[in-house]
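In what follows, a structure is listed as structure tokens, so that the remarks can point back to it.
Within every chain, numbering begins at 1; the chains are lettered A, B, ... in the order of the sequence lines, protein sequences first and strands thereafter.
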There are 2 protein chains.
Amino acid sequence: MALFSSGIEYGIHSLMLLTDSKGTLRDMSVRDLAELQGVPYDYLGKIFTKLSKANLVKSTEGKGGGFRLARSPEHITILDITEAIDGKKRIFECKEIRQNMALFEQGVPQWACSGVCGVHRVMNVAQERMEAALAQQTILDLTRQTARKAPDEFEIDVQEWVTSRR
Amino acid sequence: MALFSSGIEYGIHSLMLLTDSKGTLRDMSVRDLAELQGVPYDYLGKIFTKLSKANLVKSTEGKGGGFRLARSPEHITILDITEAIDGKKRIFECKEIRQNMALFEQGVPQWACSGVCGVHRVMNVAQERMEAALAQQTILDLTRQTARKAPDEFEIDVQEWVTSRR
DNA sequence: GCGATGTTACTCGGATACTAACTGTCCGAGTAAGCCAGG
DNA sequence: CCTGGCTTACTCGGACAGTTAGTATCCGAGTAACATCGC
């Protein structure tokens, strides 16, 4: 299994729909987001609850309600989203097997359990590198990037689809 | 769950035991490795089969047999090991949900499916950064690092424990 | 002595449980907006 | 009118089932070193 759940994919793509390439925010309900993207509705609901708890989106309840970005899209990074949805996921979980050494029957010596184990340290560095890359890209970056690929009318089509459902 | 299985931890620590801080190789059986480290024997066996198939270790069958590093420890990187044991694991698996857009009922336009999706691209960069970090550290690096922490007698103790079992 | 035979300690591979996490679905509660009927 | 109740469309939260991957265990086959026994 991959490190990041597919909920991450749903989440990021959904947040990208809550803004356009100019950074203008858009309000949408989970139902609309799910249907527009062909993604399971209930499941996407759970994801938005998490995004909301992490203060990445703001909800308005009741009829006509929905979600909108809680901050401007250039201040929401991909790392923010992954941590909001999947929690702080680690590449590697150290089990401290260095303390199980048969040689340590009389008790684990101090040098063997102090500090971070060598394997763990390497993994931590790798994880930091990965997270730095994820923190470098924002929702706005991604939205702009895809807008550049799509024809101009696409953003208009999306907007029309959304308003036609109110 | 973490990206890397705990088999990775077992594997790396085991390979570290097949050398010392001077880069001298050591032959050990899976049983010895498992007992010395307090790790499940059968499970570690499976891991070494994978390491063997990836040509990181060489096996000698029959009584008195065991495993030894197939190359010198400064030429075995952590990335080599993770890929040998867990296969080439991806941080993220793109489901191409961009192609599910309700707007594309008449068929997915070319711009929407060509090239890598934006989210996917970010994830790929992050993954490359992570792998670069893992490829930078070798078994010898790690062995040296822990040897620096441990008292000098520790390497001797290990060697004695191993020879005492032959 | 010395060759055949058996025993032991290994590497391999397959089969199988158990567990945890991910994915997805169902349902009920609360809330806000709009509609509609009765005064 | 206009006010109170009804309907609708949302957000939330809990519960649950199906699937998959990781972890671990068991067992049998093949192989090589060594010991043992009969001649």
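- An OP1 or OP2 oxygen of C:dC12 is reached within less than 4.0 angstrom by no side-chain nitrogen or oxygen of B:T49.
- Taking only side-chain nitrogens and oxygens, B:S59 never comes nearer than 4.0 Å to OP1 or OP2 of C:dT11.
- By the 4.5 Å heavy-atom criterion applied to side chains, B:R165 and B:E35 are counted as neighbours.
- For A:K89, taking side-chain heavy atoms from C-beta onward, the closest of the listed nucleotides C:dT25, C:dC22, D:dT11 is C:dC22.
- Applying the 4.0 Å criterion to OP1 and OP2 of D:dA9, one finds that A:S29 has every side-chain N and O outside that range.
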Polar-atom pairs under 3.5 Å, protein N or O versus N or O of nucleotides 31-34 of chain D: list them with distances, or write none.
unit_1	atom_1	unit_2	atom_2	d
D:dT31	O4'	B:E61	OE1	3.3
D:dA32	N3	B:K63	N	3.4

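- Judged by distance alone with a 3.5 Å cut-off, a donor-acceptor contact links the side chain of B:K46 to the base of C:dG14.
- When the side-chain nitrogen and oxygen atoms of B:S5 are compared with OP1 and OP2 of D:dT23, one or more of them lie within a distance under 4.0 Å.
- Among the nucleotides D:dT25, C:dG24, C:dT11, the one closest to any side-chain atom of B:D42 is D:dT25.
- Linking ILVMFWY residues whenever their side-chain heavy atoms come closer than 4.5 Å, directly or via other members, leaves B:M101 and A:I156 in distinct clusters.
- The pair B:R26-B:E155 fails the salt-bridge criterion, with no side-chain N (NZ, NE, NH1 or NH2) lying under 4.0 Å from an Asp/Glu carboxylate O.
- For A:K53, no side-chain nitrogen or oxygen approaches OP1 or OP2 of D:dT11 to under 4.0 Å.
- The nearest whole Å value for the distance from the OH atom in B:Y43 to the P atom in D:dC27 is 20 Å.
- Distances shown here put a side-chain N or O of A:Y10 below 4.0 Å from the OP1 or OP2 atom of C:dG24.
- In the hydrophobic clustering of this structure, A:L134 does not group with A:L140; members are Ile, Leu, Val, Met, Phe, Trp, Tyr whose side-chain heavy atoms approach within less than 4.5 Å, directly or through other members.
- Where B:S6 and A:D32 each meet DNA chain D at their nearest nucleotide, the meeting point lying more 5' is that of A:D32.
- The CG atom of A:L79 sits 4.5 Å away from the OG1 atom of A:T82 when rounded to the nearest 0.5 Å.
- Within the 4.5 Å cutoff, no side-chain heavy atoms of A:V125 are placed close to those of B:Q136.
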